[in-house]
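Whatever order the structure lists ligands and atoms in, that order sets their numbers, starting from 1. Throughout, numbering of the chain's residues begins at 1 and tracks the sequence. Just so it is clear, the structure is predicted and the values come from calculations on it, not from any experiment. Side-chain atoms are counted along with the backbone in the values below, which use heavy atoms only and exclude waters and symmetry mates.
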Amino acid sequence: MTSHIAIVGDGAIGSLLAAGAQRNQSPYSVLLRRQRPAVTNVVHMDGTSTTLHNREPVALSSRDLLIVPVKYYQLASAIEQWRHLLCPDTPVVLLQNGMGGHEVLTSLLPDNPLYLATTSHGALKVSAQEVKHTGMGETKLGVIAPVHGTSNEQALLNNRVTAQINACLPPVLWQQNIQAALWEKLAINLVINPLTAIDDVTNGALKHPHYQRQIHNICSETAMVMTACGFPTDTQSLVARVRKVIAQTANNYSSMHQDIHHGRQSEIEGISGFLVRQAKKTGIDVPINTGLYQKIRALSLK
Ligand code: PAF
């Protein structure tokens with residue numbers, strides 16, 4: 001029996017997932033918060049496009065999958081809205097920028113097998129009906145709440161979920177420690193997102209010597225908090241990783257830049273806000289990240 005993939009929302013990444021499912025002829029539905037025209041066209045990097053044929057939401061069994069690629073601040077209401085579709089065995093994948101979402105998910109869905117994912121694919125919603133795939137990337141996936149069964153059952157489920165995500169947003173790299181992978185991504189977002197949004201620049205502008213001290217200081221605070229939280233690292237390796245992503249995405253505007261400049265709510269609570277909260281818990285001072293957090297919050301209120 002073919003399994004069904006339900007995707008919450010028709011955001012840029014949600015629509016890429018739907019296009020992947022469509023291309024692989026996997027049955028899928030895009031769950032919208034309210035009735036309205038959804039994204040119908042996804043333009044791929046080779047210039048071809050996929051027309052989405054969305055289906056009505058269906059009740060999801062243990063063979064199906066719910067993917068939640070929504071912003072941190074939309075997560076709780078999205079789960080409240082759609083959990084009636086789930087059975088206690090339906091696996092759920094949270095795909096998000098930033099961190100902190102998994103606590104929300106585990107408290108709202110204490111019984112379901114839960115997975116976390118992060119992707120470096122770039123996508124842009126160019127209109128209410130069209131999404132463009134703007135950068136090739138990869139998707140990291142790992143489990144956070146295991147099934148209440150044997151390790152063999154867990155391994156089978158992990159393989160199935162990997163294959164389902166791989167059909168939608170390949171390539172999938174399975175992570176034994178997905179939290180570590182998310183911290184590494186967070187370290188990159190902590191630099192690029194607030195700086196580009198505050199200064200209204202592309203990611204590539206952060207190559208300028210003017211930013212290097214600030215980048216070093218953000219990474220130094222992040223390294224201390226990561227280490228205190230059980231993910232040991234050092235400033236130099238974080239700076240090197242940040243520089244690599246700045247070079248790879250030089251022409252892009254970061255997601256936070258786009259949110260702030262289009263007057264949308266940003267993901268600051270799951271990025272700098274998350275770091276500031278972890279710093280408080282571990283008794284570490286993070287004045288640079290706290291300053292950036294406050295600046296973005298002030299910009300969001302304008
Ligand atoms: O949020 C984003 O925009 C992306 O995660 C990244 C890696 C910063 C590139 O723009």
Side-chain angles (χ1 to χ4, degrees), residues 9 11-17 45 68-75 94-101 116-126 131-141 169 171-173 175 178-208 211-212 214-215 218-219 222 226 233 237-275 288-289 292-293 295-297 299-300:
I13 295 294
S15 302
L16 267 195
L17 287 159
M45 298 218 29
V68 194
V70 300
K71 309 254 187 196
Y72 174 79
Y73 57 85
Q74 297 167 326
L75 179 60
L94 172 64
L95 201 161
Q96 246 178 5
N97 242 357
M99 289 181 78
L116 288 180
T118 175
T119 189
S120 54
H121 281 280
L124 194 64
K125 200 164 183 175
V126 287
V131 162
K132 243 186 180 150
H133 190 183
T134 53
M136 285 306 288
E138 59 195 22
T139 306
K140 292 183 176 171
L141 174 73
L169 203 56
V172 171
L173 307 179
Q175 305 294 300
I178 186 65
Q179 297 275 26
L182 288 173
W183 267 107
E184 280 169 19
K185 175 89 191 317
L186 183 79
I188 293 162
N189 290 127
L190 280 164
V191 172
I192 300 181
N193 294 32
L195 291 182
T196 54
I198 292 164
D199 286 356
D200 188 9
V201 292
T202 59
N203 296 354
L206 304 184
K207 286 182 199 165
H208 195 277
Y211 287 104
Q212 301 321 304
Q214 219 176 348
I215 292 176
I218 297 169
C219 290
T222 306
M226 280 180 72
T233 187
S237 41
L238 294 187
V239 170
R241 239 179 257 138
V242 166
R243 289 209 177 120
K244 192 169 163 203
V245 176
I246 289 173
Q248 283 167 339
T249 61
N251 297 326
N252 294 5
Y253 283 102
S254 75
S255 54
M256 193 170 288
H257 176 282
Q258 292 176 48
D259 286 338
I260 295 289
H261 290 272
H262 290 103
R264 298 188 296 248
Q265 195 168 340
S266 82
E267 294 187 274
I268 195 68
E269 290 303 333
I271 299 178
S272 310
F274 177 81
L275 187 90
I288 311 289
N289 281 287
L292 294 172
Y293 171 63
K295 274 192 186 155
I296 293 291
R297 282 181 53 115
L299 279 179
S300 315

Practice problem: Using a 4.5 Å cut-off on heavy atoms from C-beta on, say whether the side chain of His121 contacts that of Met136. | Solution: yes

Quiz item: With a 4.5 Å heavy-atom cut-off, do Leu190 and Leu186 have their side chains touching?
Solution: yes

Looking only at protein heavy atoms, which one is nearest to [atom], and what is the separation?
atom	answer
atom 4 (C) of ligand 1	Asn189 ND2, 3.8 Å
atom 10 (O) of ligand 1	Asn203 ND2, 2.9 Å
atom 8 (C) of ligand 1	Asn193 OD1, 3.2 Å
atom 3 (O) of ligand 1	Ser255 N, 2.8 Å

Self-check item: Ligand-side contact atoms (ligand 1) for residue partner Val245, heavy atom cut-off under 4.0 Å
Solution: 7 (C)

Quiz prompt | Per-atom contacts, ligand 1 versus Lys185 - under 4.0 Å to a heavy atom | solution = 5 (O)

Exercise. Without swapping roles, check the side chain of Tyr72 against the backbone of Glu269 for a donor-acceptor pair under 3.5 Å.
Key: no

Self-check item: Whether Gln96 side chain and Thr118 backbone form a donor-acceptor pair below 3.5 Å
Solution: no

Quiz item: For ligand 1, is there an N or O atom under 3.5 Å from any N or O atom of Thr249?
Solution: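 Between Thr249 and ligand 1 (N or O atoms, distance only) the closest approach is not under 3.5 Å.
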
Practice problem: Give the ring-plane orientation class for His261 versus His257, where under 30° counts as parallel, over 60° as perpendicular and anything between as tilted. | Solution: parallel

Practice problem: Verify whether one side chain among Asn97 and Ser255 offers a donor that lies under 3.5 Å from an acceptor in the other. | Solution: yes

